[in-house]
Each structure stands twice: as C-alpha cells, then as structure tokens.
There are 2 protein chains.
Amino acid sequence: MNAPTKPTTAVPLLHTTPGFETDGRSTCPIREVLDRVGDTWSILVIINLQEQPVRFNALKRAIEGISQRMLTVTLRSLERDGLVTRTVRPTTPPEVEYGLTELGQSLAVPIASLGGWAASNRDNMRQAREAFDLGT
Amino acid sequence: MNAPTKPTTAVPLLHTTPGFETDGRSTCPIREVLDRVGDTWSILVIINLQEQPVRFNALKRAIEGISQRMLTVTLRSLERDGLVTRTVRPTTPPEVEYGLTELGQSLAVPIASLGGWAASNRDNMRQAREAFDLGT
DNA sequence: CGGCATCCCTTCCGATACTG
DNA sequence: CAGTATCGGAAGGGATGCCG
C-alpha cells in the first residue's frame, strides 16, 4: 500500500523477484488488490466515505485510533489507486473533502457485505477464541 | 492476528489504552474482525479452503509466495478464531488436512465477492495508478 | 485546517536449522 | 510431511515539530 520502495535483501513476494515476474500481469488478482487495500485502515476509510464526502479531521474523528500520519498516508494511497477523490476548497482555513470515486463506490459494496458479516459474527469469533484458548 | 502480546511502550490502538477500553465490548466490529483476518494471508487461505479440505503442503503450493512459517501462523490464527478446522491422520508420514468451519464458510461468502471485485477491477486500479504517477 | 519530515521503537516475517 | 525455534533485517507506524 506504499509508494514504490526498492527491496534491499528481502523480497516480499516470490513473483516480484527479478527474473520471476511472471510477465508482470499474471499475479493473483486478490493478492494484488489486498496489497493495496488490505492494510489496517483502508477498508475503514472506504466505509466511512460511503455515505457522503467527509473532511479530513471529521474522518480522523470517525475512525477510532487512527493517527494523522496514517490517515494521510492511507488517503494518498487510495487516491493513487483511483478509489478516492480529494477536493480542496481554498478558503481560510482550507477545507479538504474526500469522497469515493465510482470505482471506490463499487468496491464499497463487497466491503460493506464484509462489514455486515463482521457485525453479525464477531461474538462467534470471540467465543471460539475463548474456547480455543481454554483448550490449552 | 497474533497470539496475545504485552505492549511495552507503544499501544497499537487508542481504545486499548489503559482506562480507555470502552468496556471491552464496544469496539468497531469491522476493526475487530479485520485485526484477525485482514492480514496478508488469511483471506487467501480461506479462499483456497472454500472448495474442499486441503493438506498443508498442497495449500503451501497453492498460495504463491507464502512461507511455511506464515502458513503455519496463519492457519493457527484462523483455527483459534473458529474459522478453520485441523484434522490429523496419524499415518506415516502424517497427513494434516485443513478445512473451513461453518463460520469460516459463512465468511468465505463476502470474501468471494471481494475476490470477484478484484478480478474485475484490478486493471482499473492499475490504470488509475499509472495516471496518478504520471501526474507527478 | 490539513498537511509533510524526521526520529525511533515495535512488529512482522523470511531464512535457516532441527524434530517427530 | 508437517511442523517448531531462533535470528536478524525490513517494514509499520506513533510522536513530535514545523509549515502554508
């Protein structure tokens, strides 16, 4: 989900190893998409933008636990991938609004269904975890 | 997605800060679920188990780029959360099969729809990225 | 208000070696 | 085959300070 970095020793994914790029197009699509929105905050940002455009600090308040730095980084990344738009209104102080692109809206649909699952099943997961942890 | 660790200085999430636990139950469900399944490999493992149970090394071969260590860690985590079952057949050499629980199957549904989005839209994301990177 | 730059500690995770 | 243990580098990300 970050800007291009140059690997020094460790290469994250096998298929990005020099000479093993598999022609640069045949990577698993899910892997590729998760590499961009599968981080800690992207999904939450998208969910919070689904209803209407939101300003930077409002977004920051809405997403519990996110730091200013990570919100900025996450928004830039989503903007780069064509999922989020950034609109500056040159007032003083400036207002910056973030919203979803059409692509972003389309991604918000499966994400919302994941959110629905989360809301319905988190208790099941908690109970399973407790049971497992008791088992040893 | 990891076993319980004791934070030393930095606390990952605000709402886990001592005195700010929000009673230990009111955390955003999506955040909570993503903390367990939102890592690099869990989603891919679940997708690969959706059809039928798969043995350890078969799974390793199926998931491009995963290391043995991360496959083990990921499977343990999913098992702990009640999403995956582990079945040992005491032959020599031993055969260990992993499969989805009912809970895991139910999670596989929204995950599959995310996968469908990924397959349909990765080219859009690539193009958006190229355009953005040209823009500066 | 909405950022960016730097510092620096923490966590992740691949590589490697060893076991039942 | 299916793991576990350990190590060390790389990456993640909070805190802080400065800016238009």
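This structure is a prediction, so every number in the text was calculated from the model and none was measured. Below, read A as the first sequence line, B as the second, and so on, with proteins coming before strands; counting in each chain starts at 1.
- Looking at heavy atoms from C-beta onward, B:Leu71 lies in side-chain contact with B:Val45 at the 4.5 angstrom threshold.
- In this entry the distance linking CG of B:Leu71 with C1' of D:dG3 reads 10 Å, nearest Å.
- Taking atom CZ on B:Phe56 and atom P on C:dG20, their separation rounds to 18 Å, with Å as the unit.
- Considering only heavy atoms from C-beta on, B:Leu114 comes within 4.5 Å of A:Ile111 through its side chain.
- Contact check of residues 86-99 of chain B against DNA chain D (heavy atom, cut-off under 4.0 Å) returns B:Arg86, B:Pro93, B:Pro94, B:Val96, B:Tyr98.
- Between B:Leu75 and B:Phe56, the closest side-chain pair of non-hydrogen atoms falls below 4.5 Å.
- Regarding B:Ile66, its CD1 atom lies at a distance of 15 Å from the C1' atom of C:dA15, rounded to whole Å.
- Comparing D:dC1, C:dC1, C:dC13 against the side chain of B:Arg55 picks out D:dC1 as the nearest.
- Of the residues listed (B:Val37, B:Ile30, B:Leu107), the one engaging A:Trp117 in a side-chain contact (heavy atoms from CB on, under 4.5 Å) is B:Leu107, and it is the only one.
- Rounded to an integer number of Å, the gap from A:Lys60 NZ to D:dG13 C1' is 13 Å.
- Criterion: ILVMFWY side-chain heavy atoms under 4.5 Å apart, direct or through other members. Under it, B:Leu78 and B:Val88 are part of a common hydrophobic cluster.
- The shortest side-chain heavy-atom distance between B:Phe132 and B:Gln127 does not fall under the 4.5 Å cut-off.
- When side chains are defined from C-beta on, A:Leu49 counts as touching A:Leu59, because their heavy atoms get closer than 4.5 Å.
- Note on A:Arg129 versus A:Asp133: no salt bridge recorded, every NZ/NE/NH1/NH2 to OD/OE distance being 4.0 Å or above.
- An OP1 or OP2 oxygen of C:dC13 is reached within less than 4.0 angstrom by a side-chain nitrogen or oxygen of B:Thr40.
- In this structure, the CE atom of B:Met70 is 18 Å from the P atom of D:dA10, given to the nearest Å.
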Side-chain donor-acceptor pairs under 3.5 Å in residues 94-104 of chain A, sequence neighbours left out?
residue  : atom : partner  : partner atom : Å
A:Glu95  : OE1  : A:Arg89  : NH2          : 2.5
A:Tyr98  : OH   : A:Arg76  : NH1          : 3.4
A:Tyr98  : OH   : A:Arg86  : NE           : 3.2
A:Thr101 : OG1  : A:Gly82  : O            : 2.6
A:Thr101 : OG1  : A:Leu83  : O            : 3.3
A:Thr101 : OG1  : A:Leu103 : N            : 3.3
A:Thr101 : OG1  : A:Gly104 : N            : 3.0

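- Atom CZ in B:Arg61 sits about 12 Å away from atom C1' in D:dA2, given to the nearest Å.
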Atom pairs under 3.5 Å, N or O on each side, protein against nucleotides 4-6 of chain C: can you list them with distances?
residue : atom : partner : partner atom : Å
C:dC4   : OP1  : A:Arg76 : NE           : 3.3
C:dC4   : OP1  : A:Arg76 : NH2          : 3.4
C:dC4   : N4   : A:Gln68 : OE1          : 3.4

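- Note: CG (A:Asp39) to P (D:dG12) measures 9 Å, nearest angstrom.
- Residue B:Leu44 contributes atom CG, which lies 13 Å from atom P of C:dC13 at whole-angstrom precision.
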